[in-house]
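Before any comments, here is the structure.
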Amino acid sequence: MVVLAVALIASVIAPTAALAAVVLLPAAIAPFVRGQSPKLNVLAGVMFAWAIWVPLSVSWSLSPGLSFGYAGVLLCLPMGWIFGGVLQQQGLLNKFLDRALPFLLWWVVVWGLLQGPNTYTGKPQGPFSDPNAYAALINILLVPLLAKYLGCDLRAVVWWKRTLQLALFGGAVFTAFLVASKGAWLSLAMVFAYLAWSVRKSDDVVRKLFLLMAVVLVAYLASWVVLPQSSQAIPQRIAEFVRHGDDPRLMLITSTWLMIKDSPWLGAGLGSFFYLYPRYRLPNEMGSAGIWAHNDYLQLWQEGGLPMLLLLVGLVVMGLMFARRPARADGYFGVERLGYALGVLAIFFHAAVNFIIYLAPVCLLVGVYFSVISGGASPRQETFSRAPRALGLAVGGYGVIIAYLLVGQVGVQSLLYGARDIQLVLARIGTTYPKYSVAHFLSVVNPFHPTPQMVMGFELVDAYYFLGAKDSAIYSAALSRIEAGIERSPCNIGFALSYVSLIEKHDRIGVYWARAQEALGRNLYCNPRHGLSYYYLGLFAAKRGDKKLALQWWRAGIASSMYSTEKFLLVGAISSIVMRQNSLRLTELSARVAEEQKIWEAKLGVKQDQRIWPEMQRRLELVTGMPYAQLLVQAQSMDVDLK
């Protein structure tokens, strides 16, 4: 039970990382090594196929190293099912969930409320970068607890425990009202309606439902007082969706379908959606960050091919079949089991409109829930049988390979992504963190991952400037390291922009012009609407004295770029050439806007101070003496004498 508890906590702390999978992997392999395996049936076949196909689909991804994290998250599902079956056979799983689910629900609710709204939408988000994902985690924890409450005998529960239960439900619903995820609310409403109908003949069910409705009403009124726009948004958003649909999601679905048609059978590789989407993005799709398809069925099809879609649909069908079992036929355990089945279905319903399956706590809980609902009429059941020794050896060898890949991924995420925090801790005890050496070691252990190469490159850059920018060999080695990272993830525009920024700051930029142009050309191949790449191509042309080519690049960028901030940047750059008397000030302003745009691109999904853009526009208008709308028209059409 300790292993599962640690894995669950790890999954909540790092919901998009492979940490939970690394914790759970030895426990999931152990039964096979001991000569046991889950009893073979349809569910076992789906789980085993899932465990094989997910890492296999990484091998043809556009960035295999960065896709290991996705694989670790998705592998939590079959591993949770295997280890959950071990605990089920020992009669420990239900006892564990009875204690773990309330604790986890309290934790994530308090987390979100203390954290406060810090996303674009101004809503709580808990451990995620998206409030809809947060609402899905609340649902999968809440639904089984509601089933236990409706199926229990209230007379056997002391009054203070009943009060705590209702307080927990109230806190969860209050948070859900603040989040106002229509997908999560519709999913919860559907499964709760079926749950209430299934237990309609239970003792005191009317009283229990009345108490729950009272809790919901109080939570709604409280949310209306705290954040009126969120609580009012739920019925309004649902009504608007019914009347007008959801254009941004429909456009995402359209683009994803175009991507699927180009590689329908095997998919484009796990994690490829983010890199491919800019090429398929519809011109009027302005409402998403482009990281997720907001439909896990389509995204898993696009990334993992038709086999991945069929595996997911197979799990949905089995969840529906398990939910059809008579809830009261097996007594209280039957109601519990129904709650777990409906918790799974709430996730599968919600996954049709958001990215839900790609989160470690959700995958892990779905797997664990399947180990409960697939059993018989008793919480203690024989779920494992004797297995051939050859199977144990094969699974053990497979597990070693997966462990090697996932441990390397966790090493990169913890030791390099978290390097700043480690440096601060070590600095307090007078120790320097050997970041370059750590990155070099990880580049050997995990040669497919681009991040160690990038880190080594920028560590060399720091050394180059520390030495007074005199050692050209260090600078050349730095560029080579960064280029090696880009080769491992060729459509990672953030990597290429960092590389280009480094070249742009060098005194002898002309020497490295061809290398920068190649990186920017690759950026535009991956994302033909990337305004920053157009900006840098024009900037390098201007620095080489070719102002005509610079204007061509910048005007092409205005015609192609998607975001208004990118167009604003390009207008400022064009004005720096057109208005020669203010050229220096406009060049400096454009450079500042470019830095802000790079920061914004690197932190998609995080709410930032949007006042910076009106302030920049005000400065541009003060320098040029013209309103921005007029500048935009002039930038696209005015003929300029460049002599």
Heavy-atom side-chain contact between Val143 and Val344 under 4.5 Å | no

So how far is it from Gln125 CD to Asn132 CG, rounded to the nearest 0.5 Å?
-> 11.0 Å

Quick one: sort the Trp292 and Phe355 rings into parallel, tilted or perpendicular, breaks at 30° and 60°.
-> parallel

Can you tell me how far CG of Leu4 sits from CZ of Phe96, rounded to the nearest 0.5 angstrom?
-> 4.0 Å

Does the pair Tyr134 and Ser181 meet the rule for a side chain to side chain contact (heavy atoms under 4.5 Å, CB included), with working shown?
-> CA-CA 9 Å; Tyr134 180 41; Ser181 168; over 6 Å; no

Considering residues, nucleotides and ligands other than Arg420, do more than 12 of their heavy atoms fall under 6.0 Å from its CZ?
-> no

According to the interplanar angle, ranging from 0 to 90°, do the rings of Tyr369 and Tyr340 count as parallel (below 30°), tilted (30 to 60°) or perpendicular (above 60°)?
-> tilted

Which atom of Gly408 lies closest to which atom of Asn446, heavy atoms considered = C-ND2, 3.4 Å

Below 4.5 Å, heavy atoms only, C-beta onward: do Phe83 and Val86 meet side chain to side chain?
-> yes

From the list Ile373, Leu146, Leu195, side-chain contact (heavy atoms from CB on, under 4.5 Å) partner of Leu342 resolves to Leu195

Report the residue from Thr256, Asp130, Asn354 that forms a side chain to side chain donor-acceptor pair (under 3.5 Å) with His294.
-> Asn354

Using the side chain to side chain contact (heavy atoms under 4.5 Å, CB included) rule, take Leu186 and His350 through it: C-alpha gap first, then chi angles, then the decisive distance, then the call.
-> CA-CA 8 Å; Leu186 288 171; His350 194 182; over 6 Å; no

Is a side-chain donor-acceptor pair under 3.5 Å present for Tyr417 with Thr451?
-> yes

Show me, pair by pair, the donor-acceptor contacts under 3.5 angstrom made by side chains of residues 23-37, not counting sequence neighbours?
none

Separation between OG of Ser272 and CG of Leu62, rounded to the nearest 0.5 Å = 5.5 Å

Evaluate the criterion side chain to side chain contact (heavy atoms under 4.5 Å, CB included) for residue pair Leu359 and Thr16; output intermediate values, then yes/no.
-> CA-CA 6 Å; Leu359 304 169; Thr16 58; 4.0 Å; yes

In this structure, are over 12 heavy atoms from other groups packed under 6.0 Å from Phe448 atom CZ?
-> no

Over 60° means perpendicular and under 30° means parallel, so classify the ring planes of Tyr70 and Tyr358, tilted if in between.
-> perpendicular

Enumerate donor-acceptor pairs with a distance under 3.5 Å from any side-chain N or O in residues 45-55 to protein atoms, sequence neighbours excluded.
| unit_1 | atom_1 | unit_2 | atom_2 | d |
| --- | --- | --- | --- | --- |
| Trp50 | NE1 | Leu74 | O | 2.9 |
| Trp53 | NE1 | Gly304 | O | 2.6 |

Gap between atom CG of Leu270 and atom CE of Met308 - 0.5 Å precision | 8.0 Å

Report yes if some heavy atom in the side chain of Trp107 is under 4.5 Å from a heavy atom in the side chain of Leu141; otherwise report no.
-> no

Rounded to the nearest 0.5 Å, what separation is found between the CZ atom of Phe348 and the CG atom of Leu315?
-> 5.0 Å

Distance (rounded to the nearest 0.5 Å) between Gln302 CD and Leu309 CG | 12.0 Å

Would Lys148 and Asp98 satisfy side chain to side chain contact (heavy atoms under 4.5 Å, CB included), going step by step from the backbone distance to the final call?
-> CA-CA 9 Å; Lys148 293 173 188 287; Asp98 285 343; 2.6 Å; yes

Do Leu101 and Pro144 touch side chain to side chain, with heavy atoms closer than 4.5 Å?
-> yes

